[in-house]
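Residue numbering restarts at 1 for every chain, and letters A, B, ... go by the order of the sequence lines. Computed from a predicted structure; not experimentally measured.
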Protein chains: 2
Amino acid sequence: MNIKYADRMQKIKPSPIRALMHLVQQPGVISFAGGWPAPESLPMEELKEISKRVIANYGAAALQYSATEGYRPLLEVIAKRMNKFGIDVTADNVMITSGSQQLLDFVGKLFINEGDVVLCESPSYIGALGAFAGYCPKFVDVKMDEDGMNMEHLEECIKANPNAKFIYTIPDFQNPTGRSMSIEKRKTIVALSEKYNIPVVEDNPYYELRFEGERIPPIKSFDKTGMVIYFGSFSKTFCPGLRVGWVCCDPEIRSKFILIKQGADLHTSMLSQLFVYEFLTSYDFDKHVETIKHIYLKRRNAMVDTLEELLPEGFTCTRPQGGMFTWVKLREGLNSEEVFHKTVEQKVAFVPGDAFFPNGGDTNHIRLNYGTMTEAKIIEGITRFANVIKTL
Amino acid sequence: MNIKYADRMQKIKPSPIRALMHLVQQPGVISFAGGWPAPESLPMEELKEISKRVIANYGAAALQYSATEGYRPLLEVIAKRMNKFGIDVTADNVMITSGSQQLLDFVGKLFINEGDVVLCESPSYIGALGAFAGYCPKFVDVKMDEDGMNMEHLEECIKANPNAKFIYTIPDFQNPTGRSMSIEKRKTIVALSEKYNIPVVEDNPYYELRFEGERIPPIKSFDKTGMVIYFGSFSKTFCPGLRVGWVCCDPEIRSKFILIKQGADLHTSMLSQLFVYEFLTSYDFDKHVETIKHIYLKRRNAMVDTLEELLPEGFTCTRPQGGMFTWVKLREGLNSEEVFHKTVEQKVAFVPGDAFFPNGGDTNHIRLNYGTMTEAKIIEGITRFANVIKTL
């Protein structure tokens, strides 16, 4: 068998998380590698109740083909939630997707011709870079400050690449850095987007998970011309296994996404959509989110406090005000891949930072997830990690 | 807003079914247009039972992130079912997808560079043509006989296009024609595939729905070298709204599909996968399929008998031995779009045939679905249809 694949397949590579999975999944390993929400955050009792009634209540509607854009009442509930965030939209701006990962693929399909420029925070989310890579763009790295993308550098990059197709950003508790974009920068990015006619893709799965500090309105809330495409997800605030996310955008762009989704999977699982709809409408979603935030605040404290206490001179880590990731800068001279292999021998895992950089070339950072493990496990794992560090 | 989309978006068009939907969905319309399975075929009682226990039984596993390739025990059950069809595979040959529509997109992504040739039955499934179109191939139409693709013409097309990327076929109760490929042709297509090193994509959602005549083994059952990629679906034998399909193929190709799926949606809804798994393992799936076949046989009879009785000279229709579609050839001189608009005024809908032809240009066929409506509605609808025809 010597099959001729499409050229793009050379760009579609396993994510490093997946490649390391056999090491991470060994028994006894404390893993800070994945992006899994806290198991304790899953509302099991409510889900059991929903499960008991969903087929009886919805009948065939839960099981037949349905609209590509999603279950209309769910679109309406999501639009109302967007309104609460300061985003002035209706159900006609919303489409359901099979997780927000699906939107990353759709954005690639919608915008990228081979060789087109995509402007990305550097570092950025691996899963986005991987999805875009299938459309063979040229990634241009935009520098990050503590308060998000550097706007001067963004404008320089735009001027150098006036035909760039879109700006990709995770403004809140960014994956992998945990950093958030300031309100001033959110206004600036919208202004730059309009000035240079380049859409902003705002990927915001952690938006509701701010456990500290004041909420900053989404970039989309400052958008008056339809240039911002907002992605939301129920994977971090409800259940990832249901694979339900959404896009909120201008109706013209939405109509393109609907066409793409028709070809991609016709529609998202109705059963999954109805579980989400039932949870949003029959229970107190805000209270549920508060519970998750409380869990993550304690875990953030456990991880960052232990890191700050135990890591020697030359190391830094971020102290995110929400979400589930902290970003550790290693002492100069250390190599994140080597540290990973040493650490995993001591049964602690994380993700080396290189793969988060659109064009690679970093050996000096690692990403730690504090969301999945209990505080006791976090302290134990970070202690082991620090002990390995001290031997290097 | 004047956004620059990717060039491929010019090729991604609404399916004609969707474009006609506002006419089809008017109150009182008897629609033979869609591809919906019979509502009576949904096993509601069993689904209620599964629903009641699924969260309690599986807990967080039903709700967390899971493996991209799918829930391992489900892969194993599907592999065993493939074995029953004469296909010698294990779970390592199987991957779950979000409906088999998703695989059509993945096949496009895996194989098609812009301008590459795809060999298709003419006519073929609209949803496949639409999904492939996003990758900008050149479609080459392969003629069909009553017993499937014409193999001499296929070989001619291959010789004229030796770099063709794959051959796409729906061998059983093809959508839209209802025709099935003979066993001899199945062996021939495998031989041609090996001789010319061009994979066969066997899309077989209706395979289990043979209600008449003898089962013909899938093309994949004759494949000894891994050149055949088989797509299956639970949308016609269980519930389309769950969006669960599968691919069964060589492990090398499967590993590529897994990479693509990682970028596309991480994994298929675990809840949907568990509903399918529970139904396959706790109930008598074969008996359930028998029930569906019984429904479709009666409906095929109602439709085809009525068509044969009422249609005037110059019209023909196929008499499928399974699946849910018959393909009507109109009298020379009639135009399928015009007939559609006349007929829909009398509140009967179908799909004009042109869009099923990879390169268009047909005005003389229509597709009728006999699966969705009751026999009484079928007879009423076909009678109305024939009355319209008589006025033309």
From CA spacing to verdict: side chain to side chain contact (heavy atoms under 4.5 Å, CB included), Ile3(B), Phe111(A): CA-CA 9 Å; Ile3(B) 289 179; Phe111(A) 287 114; 3.3 Å; yes
Leading residue by heavy atom contact count with chain A [cutoff under 4.5 Å; candidates Thr97(B), Ile112(B), Leu47(B), Leu110(B)]: Leu110(B)
Aromatic plane relationship, Trp36(B) with Tyr65(A) - under 30° parallel, 30 to 60° tilted, over 60° perpendicular: tilted
Glu49(A) CD: over 12 foreign heavy atoms closer than 6.0 Å: yes
Max heavy-atom pair count under 4.5 Å with chain B, selected residue of Ser66(A), Ala264(A), Ala60(A), Ser272(A): Ala264(A)
Minimum heavy-atom distance Ser51(A)-Ile55(B), with the two atoms named: CB-CG1, 3.5 Å
Intermediate values then yes/no, side-chain hydrogen bond (donor to acceptor under 3.5 Å, both in side chains), Ser98(B) and Ser98(A): CA-CA 9 Å; Ser98(B) 303; Ser98(A) 303; 5.1 Å; no
Thr268(B) versus chain A, the contacting section by heavy-atom distance below 4.5 Å: backbone
Gap between atom CD of Glu114(A) and atom CG of Asp7(B) - 0.5 Å precision: 11.5 Å
Pro14(B) versus chain A, the contacting section by heavy-atom distance below 4.5 Å: both
Whether Asn2(A) side chain and Asn197(B) backbone form a donor-acceptor pair below 3.5 Å: no
Residue Ala67(B) versus chain A: region with a heavy atom under 4.5 Å: neither
Minimum heavy-atom distance between Gly263(A) and Ala131(B), given as atom pair plus value: O-CB, 3.8 Å
Contacting moiety of Leu42(B), where chain A heavy atoms sit under 4.5 Å: side chain
Atom group of Lys165(B) that falls short of 4.5 Å from chain A, counting heavy atoms: side chain
Closest-packed option against chain A by number of heavy-atom pairs under 4.5 Å, given Gly130(B), Ala56(B), Gly108(B), Gly99(B): Ala56(B)
Distance-minimising heavy-atom pair for Tyr5(A) and Ile253(B): OH-CG1, 3.6 Å
For Lys4(B), the option from Asn163(A), Asp116(A), Asn113(A) that meets side-chain contact (heavy atoms from CB on, under 4.5 Å): Asn163(A)
Exceeds 12 heavy-atom contacts within 6.0 angstrom, atom NZ of Lys138(B): no
Option that, when pairs with chain A are counted at under 4.5 Å, heavy atom only, ranks first among Lys48(B), Lys52(B), His267(B), Met227(B): His267(B)
Interface moiety of Asp250(B) toward chain A, non-hydrogen atoms closer than 4.5 Å: side chain
Given Cys239(A), Pro240(A), Pro39(A), the one that forms side-chain contact (heavy atoms from CB on, under 4.5 Å) with Leu63(B): Cys239(A)
Nearest-0.5 Å distance, NZ of residue Lys256(B) to CD1 of residue Ile12(A): 9.5 Å
Proximal component of Met44(B), with respect to chain A [non-hydrogen, under 4.5 Å]: both
Interatomic distance, Lys13(B) atom NZ to Gln262(A) atom CD [nearest 0.5 angstrom]: 13.5 Å
Top of Gln64(A), Arg53(A), Met270(A) for chain B proximity - count of heavy-atom pairs under 4.5 angstrom: Gln64(A)
Gap separating the CD atom of Gln273(B) from the CG atom of Leu271(A), nearest 0.5 angstrom: 12.5 Å
Minimum heavy-atom distance between Arg8(A) and Lys109(B), given as atom pair plus value: NH1-O, 2.6 Å
Region of Phe275(B) in contact with chain A, defined by heavy-atom distances below 4.5 Å: side chain
